[in-house]
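What follows is one structure encoded as structure tokens, with my remarks underneath.
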Amino acid sequence: MDDTSAKKQEDFIRDIVRQEIETNRFGGKVNTRFPPEPNGLLHIGHAKAIWISFALAEEYGGYHNLRFDDTNPLTEKQEFVDAIIKDIRWLGWDLKERIFFASDYFEQMYEYAVQLIKKGKAYVDDSTAEEISKNRGNFTTPGKLSPYRERSVEENLDLFKRMRDGEFPDGSRVLRAKIDMAASNMNMRDPLMYRIQRATHLHVGDKWCIYPMYDWAHGLEDSIEGVTYSLCSLEFKDHRPLYDWFLDALGIFHPQQIEFGRYSLTYTVVSKRVLGPLVDAGVVNGWDDPRMPTLSGLRRRGYTPEALKLYCESSGVSEANTIIDINFLEHCLREDLNKRAPRVMVVLRPLKLVIDNYPEDQVEEFNAVNNPEDPAAGTRKVPFSKVLYIEQEDFQEVPPPKYYRLAPGREVRLRYAYFITCTGVKKNEKGEITEVHCTYDPATKGGDAPDGRKVQSTMHWVSAKHAVEADARLYDHLFTKENPMDVEEGGDYKDYLNPHSLEVIKSCKVEPSLAKAQPGGLYQFERLGYFCVDPDSSANKLVFNRTISLRDTWAKIQKQQK
RNA sequence: UGGCGAGUGGUGUAGUGGUAGCACAGAGGACUUUGAAUCCUUUAGCCCAGGUUCGAAUCCCGGCUCGCCAGCCA
């Protein structure tokens, strides 16, 4: 990733790393990893977790591995491997060749397990799953020792080999570490290391019928890869003693696990358990629906990797689980989009505007600035004629207080074109306004009055006969409640789904320069917001997603007036 | 009612024994050919109670609140 914007990062993890560099614990090396299980798509929370690990290694010149923690073949799929790699690359991380699979270490893990058995620190248990669960005890009661706990090393070795060789049915035996059935930390009550599970593995096929458990496998994977700092979320804090125990028992390279808080966003939920049903029920249009917090959803929505990076690095790292105000994410988005998005004029809800004193067949072209934040973006020509479209919201027959836009008798500026003065309206039989009529002042060509008079408002417009039609999809938060998971008695999170999270507007009028817009293209529709071209667009129909609106002071005033 | 962790403005974070700072959000204003952007001003905070100290957000002690943990999931 480019780090032109990188500022000095300070957090408790970097404090630890800095201290350990001074004490030379790892010879100055800072290597990290991001270890997803390929059983789902990455979301905004993962983007932050990836940033925490990868940016740290990058700062210290270490490597950052992507390692698929593929120890449970029942839930894992190749499509997720592919999607995860795509998402991480999209975020801007250079993975180089450093993409690994836990399953590549299965043989080595097996050898390590044999070592533990030989040291008398692991045993094969023939108990059923229920027995093991029951004998584990609970928070206040110690567990009971398994009747198989004192088997001889020879018997354990033999049984474990035969587990691997497929002599026993699924679930009939497990390999467990011999630690302490009375430990207050449940993870230390003789945790399982291997289970028998016949399933075709996405990466190693049918080679194995025993699969390692997370706690056993994870430290080994880190150790084998030379990861120095194994960063994970808070819920693994209780697992660290076990992580350490395995590595110490084996006497192999021992990385440092450090846990950080999970990050959530207001008006959002990232859990598969919640999002899955919404996808299945068609509440959203798939995992990459622009309302989804998945990286594929954010990408389709128009989020940029740079905006996400800004969000990750400026939202802090701590040991508390937090819910970050989604306003902050959106602020980061606007920050980036403002700098990069070309400006363009689009009328979402058209209202016909006729300039009565403008010559019938005349067409003029005005120069429009592509991006005031970036002079290098240049200018473009925008055609102007007698009949235009303006935004319905930009005209009020009876203007409310503080309304600056067009109203009968009022003069406003049409951006880059002329000052116009409203002379009247035409209505249909239902009394709805169908046309607004006005006159223009030829002396204000380009948008400046030679006599220095001012107008209160500048409005966007599109020439009717040059307009291209497009659909616009306007998005809002998926949920109406800050924390949708904080449900009231008898309710559930579905009660907080936002019924207005998607609004589709047909037949918007866009300026002709947009005719050649390509999927993924990002624009600022002046005065409206940032939009991107959706992949649903075709040669004869443009579809735009509203990525995020512009900050809207007028909307705020209107709210106050209510 | 066991273990582990966390509590600083509304939100997120800095501060590690010496004037509680930053960002977002909120409020007000300047500027403006986007009611955008930009700029300025401003509201608002150390979970509670003891103790140590000249001095405590920081150290000690007790309490409270929140989160996580009893998968052959990760």
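Residue numbers start from 1 in every chain, and the chains themselves are labelled A, B, ... in the order their sequence lines are given, proteins ahead of strands. Model, not experiment: these values are computed from the prediction.
Map A:Thr140 and A:Glu130 each onto its nearest nucleotide of RNA chain B; the residue landing nearer the 5' end is A:Thr140. In this structure, A:Lys237 and A:Ala555 both approach RNA chain B, and ranking their closest nucleotides by distance from the 5' end singles out A:Lys237.
Pairing of B:C4, defined by two Watson-Crick or G-U wobble distances under 3.5 Å, is identified with B:G67. B:G9 is unpaired under the Watson-Crick or G-U wobble criterion, no partner having all donor-acceptor distances under 3.5 Å. Summarising the base pairing, B:U16 is matched to no nucleotide, lacking a Watson-Crick or G-U wobble pair whose two defining distances lie under 3.5 Å. Shown here, B:A36 forms no base pair; nothing in the strands shown gives a Watson-Crick or G-U wobble contact with both key distances under 3.5 Å. Across all strands shown, B:A44 remains unpaired; no Watson-Crick or G-U wobble contact has both distances below 3.5 Å.
No engagement by A:Val455 is indicated, since no non-hydrogen atom pair under 4.0 Å with the nucleic acid exists. As judged by a 4.0 angstrom heavy-atom cut-off over every strand, A:Asn39 is placed among residues making no nucleic acid contact. Within 4.0 Å (heavy atoms only), A:Ser457 reaches no atom of the nucleic acid at all. Contact annotation for A:Tyr403: base contact, defined as any heavy-atom pair under 4.0 Å involving a base atom. If you check every strand for non-hydrogen atoms under 4.0 Å, A:Pro372 touches a base. Within the 4.0 angstrom heavy-atom criterion, no nucleotide atom of any strand lies near A:His218. At the heavy-atom level, A:Leu528 lies nowhere under 4.0 Å from the strands shown. Residue-level contact check: A:Asn338 touches the backbone only, with heavy atoms under 4.0 Å from sugar-phosphate atoms and none from bases. Residue contacts shown for A:Arg405 include a base, since a base heavy atom lies under 4.0 Å away. Residue A:Thr128 is in base contact, counting any heavy-atom pair closer than 4.0 Å across all strands shown.
One interatomic measurement links the two molecules: CD of A:Glu373 to P of B:U34, which rounds to 12 Å at whole-angstrom precision. Remark: P of B:U11 and CD1 of A:Ile324 are 13 Å apart, rounded to the nearest angstrom. Following rounding to the nearest Å, A:Arg262 (CZ) and B:G5 (P) show an atom-to-atom distance of 19 Å. Rounded to whole Å, atom P of B:G71 lies 10 Å from atom CE of A:Met213. Counting to the nearest Å, the P atom of B:G12 and the CD atom of A:Glu330 are 16 Å from each other. Protein atom CE of A:Met188 is 18 Å distant from nucleotide atom P of B:C69, rounded to whole Å. Atom P of nucleotide B:A74 and atom CG of A:Leu42 are separated by 18 Å, given to the nearest angstrom. The CG atom of A:Asp15 sits 11 Å away from the C1' atom of B:A14 (whole-angstrom rounding).
Using a 4.0 Å cut-off between charged nitrogen and carboxylate oxygen, A:Glu391 and A:Arg405 do not count as a salt-bridge pair. No salt bridge links A:Asp336 with A:Lys309; every basic N to acidic carboxylate O contact stays at or beyond 4.0 Å.
Comparing the same atom, P, in B:C46 and in B:U38 gives a spacing of 31 Å after rounding to whole Å. Nucleotides B:U43 and B:U65, compared at atom C1', are 27 Å apart to the nearest Å. Across the C1' atoms, B:A57 and B:C48 are found 14 Å apart, a figure rounded to whole Å. B:U41 and B:C59: their C1' atoms are spaced 39 Å apart (whole Å). For B:A56 and B:G63, the P atoms lie 23 Å apart once the distance is rounded to whole Å. When the P atom is compared between B:C66 and B:G28, the two are found 36 Å apart, to the nearest whole Å. Rounded to a whole angstrom, the distance from the C1' atom of B:C64 to that of B:C47 is 7 Å. For the P atoms, the distance from B:A27 to B:U1 is 44 Å, rounded to whole Å.
With distances taken from any side-chain atom of A:Trp554 to the nucleotides B:G35, B:U34, B:U13, the minimum falls on B:G35. Among B:A70, B:G3, B:G35, the nucleotide with an atom closest to any side-chain atom of A:Ser184 is B:G3. Nearest nucleotide to the side chain of A:Asp552, out of B:A74, B:G35, B:C72: B:G35. Side-chain proximity of A:Glu37 to the nucleotides B:U34, B:A74, B:G35 is greatest for B:A74.
Side chain of A:Trp208 to main chain of A:Arg164: no donor-acceptor pair is present (N/O by atom type, distance under 3.5 Å, no hydrogens or angles). A:Arg189 places a side-chain N or O within donor-acceptor distance of the main-chain N or O of A:Asn138, the cut-off being under 3.5 Å. For A:Tyr523 (side chain) and A:Phe544 (main-chain N/O), no donor-acceptor pair under 3.5 Å exists by modelled atom type. Checked by atom type and distance alone, the side chain of A:Lys48 pairs as donor or acceptor with a backbone atom of A:Gly316 at under 3.5 Å.
Judged by distance alone, the side chains of A:Glu364 and A:Tyr418 do bring a donor and an acceptor atom under 3.5 Å apart. No hydrogens or angles considered: nothing links the side chains of A:Arg33 and A:Ser53 as a donor-acceptor pair under 3.5 Å. Checked by atom type, the side-chain pair A:Asn367/A:Lys381 shows a donor-acceptor distance below 3.5 Å. A donor-acceptor contact under 3.5 angstrom links the side chains of A:Gln257 and A:Glu259, judged on distance only. Residues A:Tyr229 and A:Glu20 have side chains that bring a donor and an acceptor to within less than 3.5 angstrom of each other. When only modelled atom types and interatomic distance are considered, A:Tyr267 and A:Asp476 share no side-chain donor-acceptor pair under 3.5 Å.
Within the 4.0 Å cut-off from OP1 or OP2 of B:G71, at least one side-chain nitrogen or oxygen of A:Arg136 is found. An OP1 or OP2 oxygen of B:G35 is reached within less than 4.0 angstrom by a side-chain nitrogen or oxygen of A:Arg527. In this model, the phosphate group of B:C73 is approached by a side-chain N or O of A:Arg195 to a distance below 4.0 Å at OP1 or OP2. Side-chain nitrogen and oxygen atoms of A:Arg413 include none within less than 4.0 Å of the OP1 or OP2 phosphate oxygen of B:G35. Taking 4.0 angstrom as the limit, A:Ser314 places none of its side-chain polar atoms (N or O) nearer than this to OP1 or OP2 of B:U13. Residue A:Thr71 places none of its side-chain N or O atoms closer than 4.0 Å to OP1 or OP2 of B:C73. Here A:Ser318 reaches the OP1 or OP2 of B:U13: one of its side-chain N or O atoms lies under 4.0 Å away.
With hydrogens and angles ignored, a donor-acceptor pair under 3.5 angstrom links the side chain of A:Gln524 to the base of B:U34.
Shown here, B:G71 is classed syn by the O4'-C1'-N9-C4 or O4'-C1'-N1-C2 angle, which is within 90° of 0.
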**OP:** Scan nucleotides 63-68 of chain B nucleotide by nucleotide, 5' to 3', and note B when protein non-hydrogen atoms come under 4.0 Å of the base, S if they reach only the sugar-phosphate, - if neither.
**Re:** ----SB
Original post:
Quick one: what's the B/S/- string for nucleotides 24-29 of chain B, heavy-atom cutoff under 4.0 Å, read 5' to 3'?
Top reply: SSSS--
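Remark: aromatic rings of A:Tyr194 and A:Phe160 are close, center separation under 6.0 Å.
Of the candidates A:Arg176, A:Arg173, A:Arg162, A:Arg173 is the only one forming a salt bridge (charged side-chain N to carboxylate O under 4.0 Å, His left out) with A:Asp126.
Residue ring and base: A:Phe139 counts as stacked with B:G2 (centre distance below 5.5 Å, interplanar angle below 30°).
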